[in-house]
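Heads up: the structure comes next, in structure tokens.
Computed from a predicted model, the values in this text were never measured in an experiment. Side chains are part of it too, since the values below use all heavy atoms of this structure and drop only hydrogens, waters and symmetry mates.
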Amino acid sequence: MSKTNQPTLQGISSNKTKLRISAIFIIIVGFYLFTSIKTESSLLDLWSGKNGFINIAKSLFPPHWSYASTVMPQLIETLHMAIIATTVAALISIPISLLSAANLFPNPFIHLPVRFIMNVLRTIPDILLALIFVGIFGVGVFPGIMALIIFSLGLLAKLLYETIESIDMNPIEAIRASGGNTMQVIAYAVIPQVLPQFVSFGLYVFEVNVRASLVLGFVGAGGIGLLLNQQVSWANYPNVMTIIIIIFISVVIIDYISNKIRERLI
């Protein structure tokens, strides 16, 4: 191919890329306009509600810092909920994710039913699980923990079995060729490859559980969310702002620590 043809080909490729980007942009804008018309809502509604936003914002300040002593025990309770739920879900997810991995258990009658059950669990919203368990066990921390365990289990199992299916198969085949059984394959070929990712997934799910537990408290599932719902219902907005600030600081600290741990593992 002559050098004179190269700029022409580059120009054609550049034009195709621009057309694709333009087409994608037009499609996105079209979907936005279509859904805005169907739902009778748009970003312009933010402007129409600015006065209410300003009034709420004024009510939130200044925060009642003396209320922090009441918030801290509930925050610790929330962290305990997230730790217990993440730990239990992580332990249960190990055998489930192994059974879900097609490269370890090729028989579809083994991995497909397990995957189906996990898919069903992931379709149930965590707040619905909390409502169910609150109806069974009453208001408190235990319903929140149970809801978070089931919610975390579906998420962790999916992340882990997808990781297992992408591992290097050479160590597995070598152990099987030398007469190793399934437990030896898992112990010496699978776990060493997925352990860093498993810990990373566990930390990620813990962060998610801390945030989710805040919402679950609004339906009586314990933790700081229960306290936040109470103060919002009573329109004690300075107390609400105190809770929001404490939650924000806590989440930032948890995210920072988790990111540092993940950076060392991966």
Side-chain angles (χ1 to χ4, degrees), residues 1 9-10 13 16-17 20-21 24 79 81-126 129 145-212 251 253-266:
M1 183 181 293
L9 293 174
Q10 291 176 355
S13 177
K16 288 183 177 179
T17 302
R20 288 195 189 100
I21 294 174
I24 293 171
L79 295 176
M81 290 172 58
I83 291 171
I84 294 170
T86 305
T87 303
V88 174
L91 293 175
I92 299 174
S93 70
I94 295 173
I96 291 176
S97 59
L98 292 171
L99 292 171
S100 301
N103 56 340
L104 297 182
F105 296 92
N107 189 337
F109 292 101
I110 296 178
H111 66 263
L112 289 181
V114 180
R115 289 188 185 185
F116 176 76
I117 294 172
M118 291 300 102
N119 289 335
V120 171
L121 290 182
R122 284 197 303 275
T123 61
I124 305 175
D126 52 353
L129 291 170
I145 292 174
M146 291 299 299
L148 290 176
I149 288 173
I150 295 177
F151 169 74
S152 304
L153 180 59
L155 181 58
L156 266 175
K158 178 178 174 59
L159 292 172
L160 191 54
Y161 89 70
E162 288 180 347
T163 301
I164 293 173
E165 289 186 335
S166 64
I167 62 176
D168 183 9
M169 292 297 293
N170 290 329
I172 295 175
E173 293 171 357
I175 294 175
R176 284 174 175 171
S178 61
N181 56 35
T182 302
M183 293 304 298
Q184 290 172 325
V185 168
I186 293 171
Y188 298 109
V190 177
I191 291 179
Q193 294 190 67
V194 302
L195 185 59
Q197 288 84 354
F198 175 67
V199 176
S200 177
F201 294 151
L203 291 170
Y204 168 72
V205 171
F206 171 69
E207 296 173 22
V208 173
N209 282 340
V210 171
R211 295 179 177 90
V251 170
I253 293 173
I254 291 170
D255 284 346
Y256 177 79
I257 295 173
S258 298
N259 288 335
K260 289 299 180 182
I261 294 175
R262 280 197 292 266
E263 287 173 4
R264 291 182 177 273
L265 288 173
I266 300 177

Checklist entry - Backbone N or O of Pro196 within a donor-acceptor pair of the Ser200 side chain at under 3.5 Å? => result no
Item to check | Nearest atoms (heavy-atom pairs only) where Pro108 meets Pro113 | outcome: O-CD, 3.3 Å
Item to check | Stepwise side chain to side chain contact (heavy atoms under 4.5 Å, CB included) check, Leu155 with Tyr204 | outcome: CA-CA 10 Å; Leu155 181 58; Tyr204 168 72; 4.2 Å; yes
Next on the checklist: I need the minimum non-hydrogen distance between Asp126 and Ala212, along with the two atoms involved.
Outcome noted: OD2-CB, 3.5 Å
Checklist entry - Which pair of non-hydrogen atoms, one from Phe206 and one from Leu79, has the smallest distance, and what is that distance? => result CE1-O, 4.2 Å
Next on the checklist: Ignoring hydrogens, what is the shortest heavy-atom contact between Val251 and Arg211? Give both atom names and the distance.
Outcome noted: CG1-NH2, 3.4 Å
Next on the checklist: Considering only residues two or more places apart or on different chains, which pairs with a residue in residues 153-165 satisfy side chain to side chain donor-acceptor pair (under 3.5 Å)?
Outcome noted: Arg115-Glu165, Lys158-Glu162
Item to check | Derivation and outcome, side chain to side chain contact (heavy atoms under 4.5 Å, CB included), residues Ile172 and Ile167 | outcome: CA-CA 10 Å; Ile172 295 175; Ile167 62 176; 3.7 Å; yes
Item to check | Rounded distance (nearest 0.5 Å) linking atom CD of Gln197 with atom CG of Leu159 | outcome: 11.0 Å
Next on the checklist: Please evaluate residues Ile96 and Leu153 with respect to the criterion side chain to side chain contact (heavy atoms under 4.5 Å, CB included), reporting the C-alpha separation (whole Å), side-chain torsions for both, the decisive distance (0.1 Å), and the verdict.
Outcome noted: CA-CA 9 Å; Ile96 291 176; Leu153 180 59; 3.9 Å; yes
Item to check | Close side-chain approach of Val190 and Leu104, heavy atoms under 4.5 Å | outcome: yes
Item to check | Nearest heavy-atom neighbours spanning Leu156 and Gly202 | outcome: CD2-N, 4.0 Å
Item to check | Spatial distance of atom CD1 (Ile164) from atom CD1 (Ile94) [nearest 0.5 Å] | outcome: 9.0 Å
Checklist entry - Among pairs that include at least one residue of residues 82-105, which meet side chain to side chain donor-acceptor pair (under 3.5 Å), considering only residues two or more places apart or in two chains? => result Thr86-Asn209
Checklist entry - How many angstroms lie between atom OG of Ser152 and atom CD1 of Ile92, to the nearest 0.5 angstrom? => result 10.0 Å
Next on the checklist: Can you confirm whether more than 12 heavy atoms, excluding those of Phe105, are under 6.0 Å from its CZ atom?
Outcome noted: yes
Item to check | Val114 to Ile110 - nearest heavy-atom pair and separation | outcome: CG2-O, 3.2 Å
Next on the checklist: Any side-chain to backbone donor/acceptor pair from Gln193 onto Asp168? Under 3.5 Å, distance only.
Outcome noted: yes
Item to check | Pairs meeting criterion side chain to side chain donor-acceptor pair (under 3.5 Å) with involvement of residues 174-184, two or more places apart | outcome: none
Next on the checklist: Is there a side chain to side chain contact (heavy atoms under 4.5 Å, CB included) between Leu99 and His111? Walk through the geometry before answering.
Outcome noted: CA-CA 5 Å; Leu99 292 171; His111 66 263; over 6 Å; no
Checklist outcome for this item: Separation between CG (Leu129) and CZ (Phe151), nearest 0.5 Å, reads 9.0 Å
